[in-house]
Structures are given as C-alpha cells and as structure tokens.
2 protein chains.
Amino acid sequence: MVSHRGRGPTIRDVARRAGVSAATVSRVLNDSPLVVEPTRARVRAAVDELGYRMNATARTLSLGRATAVGVVVPFFTTHSVIERLRGVVARLSGYGQRGYDLLLFDVEAPAQRADAMRDLADRNRVAGLLIVSLPIFDAEIDALQRDELPAVLLDVRHPRLPRVVVDNVRGGELAAEHLLAKGHSRIGFVGDHPTNAYGFTSSEDRRRGFGAALERAGNRLDPALQRFGLADREEAEVLTRSLLGRSSPPTAIFAASDLQAIGVLKGCEAMGARVPEDVAVIGFDDVDLAEIVGLTTIRQPLRESGEQAADLLIAAIEDGVDDPVEEVQQLTVVERRTT
Amino acid sequence: MVSHRGRGPTIRDVARRAGVSAATVSRVLNDSPLVVEPTRARVRAAVDELGYRMNATARTLSLGRATAVGVVVPFFTTHSVIERLRGVVARLSGYGQRGYDLLLFDVEAPAQRADAMRDLADRNRVAGLLIVSLPIFDAEIDALQRDELPAVLLDVRHPRLPRVVVDNVRGGELAAEHLLAKGHSRIGFVGDHPTNAYGFTSSEDRRRGFGAALERAGNRLDPALQRFGLADREEAEVLTRSLLGRSSPPTAIFAASDLQAIGVLKGCEAMGARVPEDVAVIGFDDVDLAEIVGLTTIRQPLRESGEQAADLLIAAIEDGVDDPVEEVQQLTVVERRTT
DNA sequence: CTGAAAGCGCTTACAG
DNA sequence: CTGAAAGCGCTTACAG
C-alpha cells in the first residue's frame, strides 16, 4: 500500500472513514457551500482522527495553479534586499488559509538571472513572481504574459508590470539639498559603474538627480569628484581614498547606497579625514547599518516596499488585478552624525 | 485544449511530435539507458522544437518526492542567519541537473515554529528539511522519521539528527582567555535570558564556558556583573548602561552575539565609557557588522556552516546517508579594536 | 446535496 | 528497446 516513503492518509482514506465519496471530502476541504452540515462534521471528524493533511502537490497539479510564490533576488546578502524580503515574507505567510510558500531564487551572476526566470515561470510551480531589483527584458515579459503568470516588480521599473519603486532622481536631489543646506560646495559622488552587467540604474538615477539639483543651485557635480565602481564596501573605500588624495578634495560625499557610504567612511578614516568636520557623508537606503554607524542617509521604506509588492502580487494572483500600476514610495532624509 | 492558464506543451505533445510514446519521452528526459540513440535524438529535437519544459509538480506527484528543500529559519533578518542561509543557497543551486528549489519558512514567533514544521513535513512538497537555530522536539523527529523525511540541523544539536554545530562552551572559554590575557579581572556578561520561548541555548552555553574559564584562572563571573535580556541591540544597550552605572563597573564585557555587542558598544558610548580604554568588548559570530565597527569577536564560520549543512542534507536525500553525524566547526578569536 | 468519472502531467512496472 | 496502462492525490463538471 504505502509505496514511496510513508505517505500519510489520502482523501480516499478520509472518505472511507467518513462514509462519503472523495469528491465530498474535497468539497469540505475547499469550503464548498454545497455540502450539508452533518456531512461536513463527519468529514471533519475523519480528518482529525486520521490526522489527514492535504497534499499540496496533487492540489497544484489538479488545479493548474501553485500555492507558492517565486521571489527572485540579486545578492541575497545585501542588507537592502534582505530588508525588502522580510516585508515580503511577513506578508506572504499571513495570506489566505495557509498563506503562500516562498520559493527563493538568488541571482549572484547575470547569467543566473535568465535561468531563474525560466525555471520559475515555466515549471508552473509558482502562482506568481516577485522580481526584486533586477531589470527585466521585454521578451521575458512576453513569456510571462503568454503563461498568464502574474508578476510584480520591486525596485525595478517597467511600464508593462505592476511595480513598487522609489523616485531615485528625487532621492539624489534630496541628498544634494541636504548637503547644500549644510554649506558644502565641493561635493563628491561615489556610486556604481554607469553601465553594469545587471543593468542596475538606481545609482545613476540618484547621481543624475544629485547633479541636477546642484546645478539648479548654481553649483555643479564636478566630473573630477565622481568615482564609480562595484556596489560594495571595499571598492567604495578605495574610490574614496582616491577622492581624498586630490589636491582639493571634496568636503562632502554622496554615496549611492549605505553600503558604499560605509566604505566611504572607512576611506575617510584611512585618510585621516574627520567626519563630518573634514568631510560630510550621506548615503542612501537607511539599512540597519546606517543607524548603527550613525550615517546620515536618504531613507526608503525597504520593509514596507516588500509588503506592498507582496500585496500587489497577491491581488494579481487572487483577483486577477494586474494593471501595471506604479506605487512610488516616499523618501526622507534621515540626519545623523555624518553630516 | 489549453484549459487553465496557457500551459505549455506536455510530454504527450512531445511524444506525438517525435512519433513515440509518452513513456519513451519520459525515459529520455530521465536519462534512462533503455532508449536507443536515434530515438533519443528525435525526442530531444521535439523537445527543442516545442520548447518543452517538464512540469515539476507532476513529476513530484508521480515520484512521490519533491525537488525542493525546506529551510526553516528564525528571525529572517538576523545577520548570522542570513549569512548561514547564503551558504545554503549557494550550495543548493549548484546541485544536480537543476539543483533544488528552496522553500523558505520564517519563524518570527514560537508558535509559528510548529506550523512551519508540520507544513513542510506533511505536505510532502519538500525532499528534505534544513532547520536553522531552532531546537527541535522528539515528537517532531518522530514525525519526520515516520515520513522518512531527511532532516539536517544547523546551529542546533540533537543526537538523532545530522547537524552542523559549533562548540559554544569552548567559544565562551576563548572569550575569557582573550580578556584575561588582556589583563582584565572585573568582567561582565550580556546575553539572552537563560530560558526563552524558543529554547535557544547558545547564549547560556557561551556564558557557561566563559564562567568556567574565568574560574579556572582563579577569577570568576560575578553574578552581579551579568545581565540578561532579549537577543537584540536595544536591549543589550540598556543592560550595558545598568552594568556601567554600578559603583564598580566591569572593565570588560563579553556579549553573547555580535548584535548584542553592538548594543554594548552603544551603551558604553552613552555612558561616556571609552572602548577599549575604559571597557573592552568582545562579541560572538563575526557577522559583517563586526568588521564594520571593528569589533573583536569569536568567529564562527557562518557561511560555511550553511554549505556544510546543505551538503549533509543533499547526501541524506540522494544517497540515503542519514547517520546522525555531528560536524563541529572551528572557532577563532578575531581581534579588532574593541579589546 | 452527493457520487462516479475523467483529468491534471508525469513515471514505471509489465508485456512484448 | 518501446508502448499501453495504471497510478500519484487531488478537483470539478456532469448526472442524479
């Protein structure tokens, strides 16, 4: 009888026990209004007695739709991604009777991206897709729509898909305004390479807004005071040393992310520059690290963004709502000790 | 034809196209040696032409075993957990033809723990379970073994299950030896409540080893210099203030985790105590934060622990290896600026 | 309101 | 070496 590994009781066992058909058991399990109360009770009793638990795999196959949600994230350990994911996790586990399972895909190299998208989309093990911070191609959207697979973007903007984003250009402006108000005029920037293998654009958007705001104030973002590198701490530190090694170093630096800002701080320390006396530093994101080191930063609601994106996805899955809405989240400057 | 949402081609479509039976297609897909080469080629061609992709759900149902691995973690955002998870993720995606999917369960409250275990174990959507940092009950192990569900523990010790752990008692000793070598004699401790709803014991184990080593050196861990609270930063800060508010405050503090050590550092700052001049601080874990703030700490290989645990689980799943081995990882003290 | 039957897309003894 | 058939555990028109 028990073939593979000790499978538990099935719907048929319950049916037998309750003296009804499997169809009826299924109806009770799915809260169909068709079943009369006494029958329901018998079925429920049988379920309890047998310790029956529904096989989600069979259900998925029969229904043609999964109860899991696929989440694709880059660099699983980035603080901002984790913070977003936390919002997603919190939301997902709260939904529906038993919530959605969360299938996690980490993309550590550009090539893995395509694999993840295809795996998740085509194998129909997933009721929807949440794509975090990874630019998506039109061909991929075509594929998703062909499969009628709901998808939501988080921290990525594409006109054809619902998305939760932030106005990065505006964020750059806020950073500029803050530094300007502090009286700085020789201001530097440390961010990602304008072009990168993933197609990330946040850093560039922030820099553009930053530069534009400086110009509007009669100042400018001197190309000589800009440095670009990988989005990590070490690299930001190196770039900062080079910036501070100049004959007339900047008196303030805007880093495209908090992680990079931490690198900037290290660079300042290494070069013997006091923060904020010699050079002020402002980051972007407001990850937990920012508070810990006392970093002034542009806060974006990371956790909330995950919650909102999850909500959008659930709406798309359960109610078929998939207008490509754009939810733009609020940015605020959080002043701490580095400016 | 296409009923639910545009399902892709099935094995039958491929069979028709290749002029063979579905059974043969299945065999080719599963690399059965039974199929002769010319047939294989035809099937492969059909697969390509149709863009066929196997339905993992159907396969799981038919085989009675899943291709996903369930990972249960507490407090998804704790740095140490994330770091471990990263190792798991890296390992899982590398295995087999297409690797294992990762089903993530976050336990934010003790009650969720049971739900997660049951959901994952019973619904047989998962080929194995990786339990991180969460103590497991005998009844749960019984259930797992009844279902023949492979399970591996990470940062938890139970004699009946394979596990990857660290010797926390020894870690405490290392911390004591380090502080003693620095000439400290009035030494405090900040850690978790000895009893907590999750049953975590790391903090207590570390404290015990710490106290024992002090005594062995003719010193002792004065109960008046111990403080217990939740495993978070804010609480550790509050506890530290109380410790430093004493008439004869400790000259060194061992925190049960880096996160708590950061709180200790904040507490020192708030009380105007210089680190390490007035009070030395040592943590435990060596999460990324530790390096960033220059914290001296007891390093445990977090990422590697995830990799090892994943390896054990895969071995259990694929080769049926499930002797309850215990892999004990190396601890080292990393001296930075706080001692 | 309930049941018998077909179907979801695979796999795998069992024949041949 | 290959195919027909039964089965994995559900769901849901279709009858009654």
Side-chain angles (χ1 to χ4, degrees), chain A residues 1-43 46-47 50 52-67 97-98 122-125 127 147, chain B residues 1-43 46-47 50 52-67 97-98 122-125 127 147:
Chain A
M1 280 264 71
V2 175
S3 55
H4 304 259
R5 49 156 206 260
R7 295 171 189 279
T10 72
I11 211 174
R12 303 187 53 124
D13 299 317
V14 175
R16 193 155 20 208
R17 178 108 183 184
V20 299
S21 72
T24 296
V25 174
S26 174
R27 290 194 186 98
V28 172
L29 260 21
N30 289 289
D31 287 318
S32 157
L34 291 178
V35 187
V36 79
E37 186 47 39
T39 311
R40 306 181 93 72
R42 287 222 308 290
V43 171
V47 164
L50 263 32
Y52 167 81
R53 305 220 72 231
M54 187 152 61
N55 180 318
T57 303
R59 180 163 218 266
T60 294
L61 180 59
S62 183
L63 249 29
R65 57 194 166 68
T67 61
Q97 277 205 58
R98 55 200 96 222
D122 291 357
R123 293 201 276 159
N124 113 308
R125 34 190 356 180
D147 289 349
Chain B
M1 281 260 73
V2 175
S3 54
H4 304 259
R5 47 156 207 257
R7 296 172 188 278
T10 74
I11 210 175
R12 304 187 51 123
D13 299 318
V14 175
R16 192 156 21 208
R17 178 108 183 186
V20 299
S21 72
T24 296
V25 175
S26 175
R27 291 194 185 96
V28 173
L29 260 21
N30 289 289
D31 287 318
S32 157
L34 292 176
V35 186
V36 80
E37 186 48 38
T39 312
R40 305 182 94 71
R42 285 222 308 291
V43 171
V47 164
L50 262 32
Y52 169 80
R53 307 219 70 229
M54 187 151 61
N55 179 318
T57 304
R59 179 162 217 267
T60 295
L61 180 59
S62 183
L63 250 30
R65 56 190 168 68
T67 60
Q97 277 205 56
R98 56 199 97 223
D122 292 357
R123 295 200 276 159
N124 115 308
R125 37 192 350 183
D147 289 350

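Note on naming: letters A, B, ... go to the chains in the order of the sequence lines (proteins, then strands), and numbering restarts at 1 for each one. A quick note: this is a predicted structure, and the numbers were derived from the prediction, not measured.
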Distance, rounded to the nearest Å, where [X] contributes [atom1] and [N] contributes [atom2]:
{"X": "B/Arg59", "N": "D/dG9", "atom1": "CZ", "atom2": "C1'", "value": "18 Å"}
{"X": "B/Leu34", "N": "C/dG16", "atom1": "CG", "atom2": "P", "value": "18 Å"}
{"X": "B/Tyr52", "N": "C/dG9", "atom1": "OH", "atom2": "P", "value": "10 Å"}
{"X": "B/Leu61", "N": "D/dG7", "atom1": "CG", "atom2": "C1'", "value": "9 Å"}
{"X": "B/Arg42", "N": "D/dC1", "atom1": "CZ", "atom2": "P", "value": "14 Å"}
{"X": "A/Ile11", "N": "C/dG3", "atom1": "CD1", "atom2": "P", "value": "12 Å"}
{"X": "A/Asn55", "N": "D/dC8", "atom1": "CG", "atom2": "P", "value": "12 Å"}
{"X": "B/Arg16", "N": "D/dT2", "atom1": "CZ", "atom2": "P", "value": "19 Å"}

Closest to the [X] side chain: [options]?
{"X": "B/Asn30", "options": "C/dT11, D/dC1, C/dC10", "result": "C/dT11"}
{"X": "A/Thr10", "options": "C/dT11, D/dT11, D/dC10", "result": "D/dC10"}
{"X": "A/Arg27", "options": "C/dG3, D/dT2, D/dT11", "result": "C/dG3"}

Shortest non-hydrogen contact between [X] and [Y], atoms and distance:
{"X": "A/Ser21", "Y": "A/Ala15", "value": "C-CB, 3.6 Å"}
{"X": "B/Gly19", "Y": "B/Arg42", "value": "O-NH2, 3.9 Å"}
{"X": "B/Thr60", "Y": "B/Ala66", "value": "CG2-CA, 3.6 Å"}
{"X": "A/Leu61", "Y": "B/Ala58", "value": "CD1-CB, 3.9 Å"}
{"X": "A/Val35", "Y": "A/Val28", "value": "CG1-CG2, 3.9 Å"}

Taking atom P in both C/dT2 and C/dA6, what distance in whole Å separates the two?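 Looking at atom P only, C/dT2 and C/dA6 are 23 Å apart.
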
Just N and O in the side chain of A/Thr57: are any of them under 4.0 Å from OP1 or OP2 of D/dC8?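 No, no such contact exists.
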
With no angle test and no hydrogens, is the base of D/dG7 tied to the side chain of B/Ser62 by a donor-acceptor pair under 3.5 Å?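 Side chain to base: pair present.
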
Would you check if B/Asp31 and B/Arg40 make a side-chain contact, meaning some heavy-atom pair closer than 4.5 Å?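 With C-beta onward as the side chain, the pair touches.
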
Taking the side chain as every heavy atom from C-beta outward, state whether A/Arg59 and A/Ile11 have any atom pair closer than 4.5 Å.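 No, every pair of side-chain atoms sits at 4.5 Å or beyond.
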
Partner of B/Arg27 under side-chain contact (heavy atoms from CB on, under 4.5 Å), chosen from B/Val20, B/Leu34, B/Thr39: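 Among B/Val20, B/Leu34, B/Thr39, the one that satisfies the side-chain contact (heavy atoms from CB on, under 4.5 Å) with B/Arg27 is B/Leu34.
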
Applying the side-chain contact (heavy atoms from CB on, under 4.5 Å) test to A/Tyr52, which of A/Leu29, A/Val43, A/Asp13 qualifies?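 The side-chain contact (heavy atoms from CB on, under 4.5 Å) with A/Tyr52 is passed solely by A/Leu29 among A/Leu29, A/Val43, A/Asp13.
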
So what's the dot-bracket for DNA chain D: Watson-Crick or G-U pairs under 3.5 Å, [ ] if a pair crosses, | if it pairs off-strand? |||.||||||||.|||

Could you check which residues of residues 19-26 of chain A get a heavy atom under 4.0 Å from DNA chain D? Sort them by number, please.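 Going residue by residue through residues 19-26 of chain A, the ones with a heavy atom under 4.0 Å of DNA chain D turn out to be A/Ala23, A/Ser26.
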
